[in-house]
Amino acid sequence: MSQPSFPGSAEAASAASADSPNDLTVQDDTRAVDIPRHRSGGRGPVAPMGGGGALPPKRRFGAESVFRWFTTGAGTIVLVIIVAIAIFLIVKAVPAIKADKANFLTHFEWFPNDPTDPKFGIASLAFGTVFSSAIALVLAVPVALGIALCLSHYAHKRLANGLGFLIDLLAAVPSIVFGLWGRDYLVDPVRQLSGWLHKYFGWIPLFGSDGPYGKSILLGSLVLAIMVLPIVTSLSREVFRQTPGMNEEAALALGATKWEMIRMAVIPYGRPGLIASVMLGLGRALGETIALALTLGGGWAVGSDIIHDGGNSIAANIANGFGEANDIGRGALIASGLVLFAITLIVNMIARAIVYRRREFIGSAV
Amino acid sequence: MAKRIEAVGVTAYYGAFKAIDGISMVIEPKSVTALIGPSGCGKSTFLRSINRMHEVLPGARVEGKLTIDSQDIYARDVDVTAVRRTIGMVFQRPNPFPTMSIYDNVVAGLRLGGVRRKSLLDDACEKALRAANLWNEVHTRLNRPGAGLSGGQQQRLCIARAIAVEPQVVLMDEPCSALDPISTLAIEDLISELKNQYTIIIVTHNMQQAARVSDRTAFFSIDKTGDPGRLIEYAETAKIFTNPSVKKTEDYITGRFG
């Protein structure tokens, strides 16, 4: 008899064998021990999930470990890609920078293709990149926050959903379309606006130039602003909507108007998210290539003026110059890409530092 | 510094749903009035219509007449923010502003009212925190985040925030339901001190609490889910709990219903 016999259970066992064919009962019991029953599907007898019988051994190659390896691998790939890109950039950039007859960091002009006397420097391009992006943010962020607040706290729900959809649609327009539109249609209004700005606000250094106007930093920044708008809007709208209702009620119950409530509860609560959304917008503006290649006038001038023809950026310069560049020229452009990478890195670190500084107050909010 | 509240036929809706129907009662100054009743009977809705917080929700509206010292708070030319400044509120869950320090939380209402002078704010902050029995625990760390306090301290911070603007009436919507018994006791002690100065209306699910802290008790009830809540009985607390005149009240307080 293969049935396990425990001291004192002999009576029960013999009682069971009297009722039913003994072998069959034993078979069932053994199977219950070998197979974890909740995995046996429709076959076999169904036992409660909680078990009964001995605990099944751990599986060695279950979905659990496969998935863990998969996610770990995916995470590692990111690291590998970043390192590979960095190595590629540095390997290509170093020979070009060595061949540079000027100081790469401080020289303004960009003539790396001269076979005998390659001279190029990042100063003007880096300035143009940061300057145009900063102006784009100055133009876009107030409007974006206004739209976001309108959608999250003022507009009727149905209208807000429709408008939010339109904003998201704006984010999906390819940047070449924005660039062409800016170059062909926006350039004339900007030219007139530049003249007007110079006439009445010429004493501000930004509007000091007396022409020619048109394909200027102002045009590029306007196009950038429109491109940045949807990102900042939809992210900050989500951030504003996360404000706990009980904090909004607390402000209202203290006698706050809606705007005061937004200033007391909504904006402070969402500040880290707002900074993140602005930084993402800045990231897009810094890296934007084709729209700026089409709208900026080019050249190496550095100044506070935004309405005079001209302006350049690192990414636009790469797009415009890569096709006809020789070996050193390409290396130089890649070196400029490395600088762009560094700029965005610094911007992100500053943003994180700002968020981190308020962590005590924000952390307890969540 | 305390005012008399009179409700005449107050009916409140959430969209098409009628939440309370024809509530009429008079609340005397410098007293504690408890609103009790089963869940969904409209006590919180009635409380929120007293400082016009009900209408904050989309589609919500109030009919009938509510006066504070015979001034109609729902009159067309009344500034809703002035009503809410006069009638402070403490909520069910402690809700200090998470991004503000203890100090900033307490003086938030004063700053809204345009008080800027540091000395005035400092004095008001200390006074309100002392009145809320919180000063001794927090006075060394006023610039720390308010949300870093314990639940009971947070709720007393919210009470301090509500009374810092020196309102006439303080509404409390189940102020102890998220707190442990010791914090609850601290709040109840505070309520009996505050009633020397303010008119207090408190919604509670805890009948012992109603019996302990209130002078008068109003019992709300509904016939069945989906019906509007009605005021069943309103009398001295002692009478409600020992000798209620309505059978429904007796059933509820003895635990046979709801």
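Lettering follows sequence order; numbering is per chain, from 1. Bear in mind the structure is a predicted one, so any value in this text is a computation, not a measurement.
- With a 6.0 Å radius and a threshold of 12 heavy atoms from other residues, nucleotides or ligands, A:Phe165 has its CZ atom at or below the threshold.
- For residues 247-257 of chain A, the interface with chain B (any heavy-atom pair closer than 4.5 Å) comprises A:Asn247, A:Glu249, A:Ala250, A:Ala251, A:Leu252, A:Ala253, A:Leu254, A:Gly255, A:Ala256, A:Thr257, sorted by residue number.
- Counting heavy-atom neighbours within 6.0 Å of A:Arg68 CZ, excluding the residue itself, gives a total of 12 or less.
- Scanning residues 71-93 of chain B against chain A with a 4.5 Å heavy-atom cutoff picks out B:Thr81, B:Arg84, B:Arg85, B:Ile87, B:Met89, B:Phe91, B:Arg93, ordered by number.
- No more than 12 heavy-atom neighbours from other residues, nucleotides or ligands sit within 6.0 angstrom of CD1 on B:Ile182.
- In this structure the side chain of A:Pro268 never reaches within 4.5 angstrom of the side chain of B:Phe97, judged on heavy atoms.
- A 6.0 Å sphere centred on OH of B:Tyr13 holds more than 12 heavy atoms belonging to other residues, nucleotides or ligands.
- Interface with chain A: from residues 103-129 of chain B, residues B:Ala108, B:Gly109, B:Leu112 qualify, criterion being any non-hydrogen pair under 4.5 Å.
- Within a 6.0 Å radius of NZ in B:Lys65, other residues, nucleotides and ligands contribute 12 heavy atoms or fewer.
- Residues that satisfy the side chain to side chain contact (heavy atoms under 4.5 Å, CB included) test with A:Asn348, not counting sequence neighbours, are absent from this structure.
- Heavy atoms closer than 4.5 Å to chain A are found nowhere in B:Pro58, neither backbone nor side chain.
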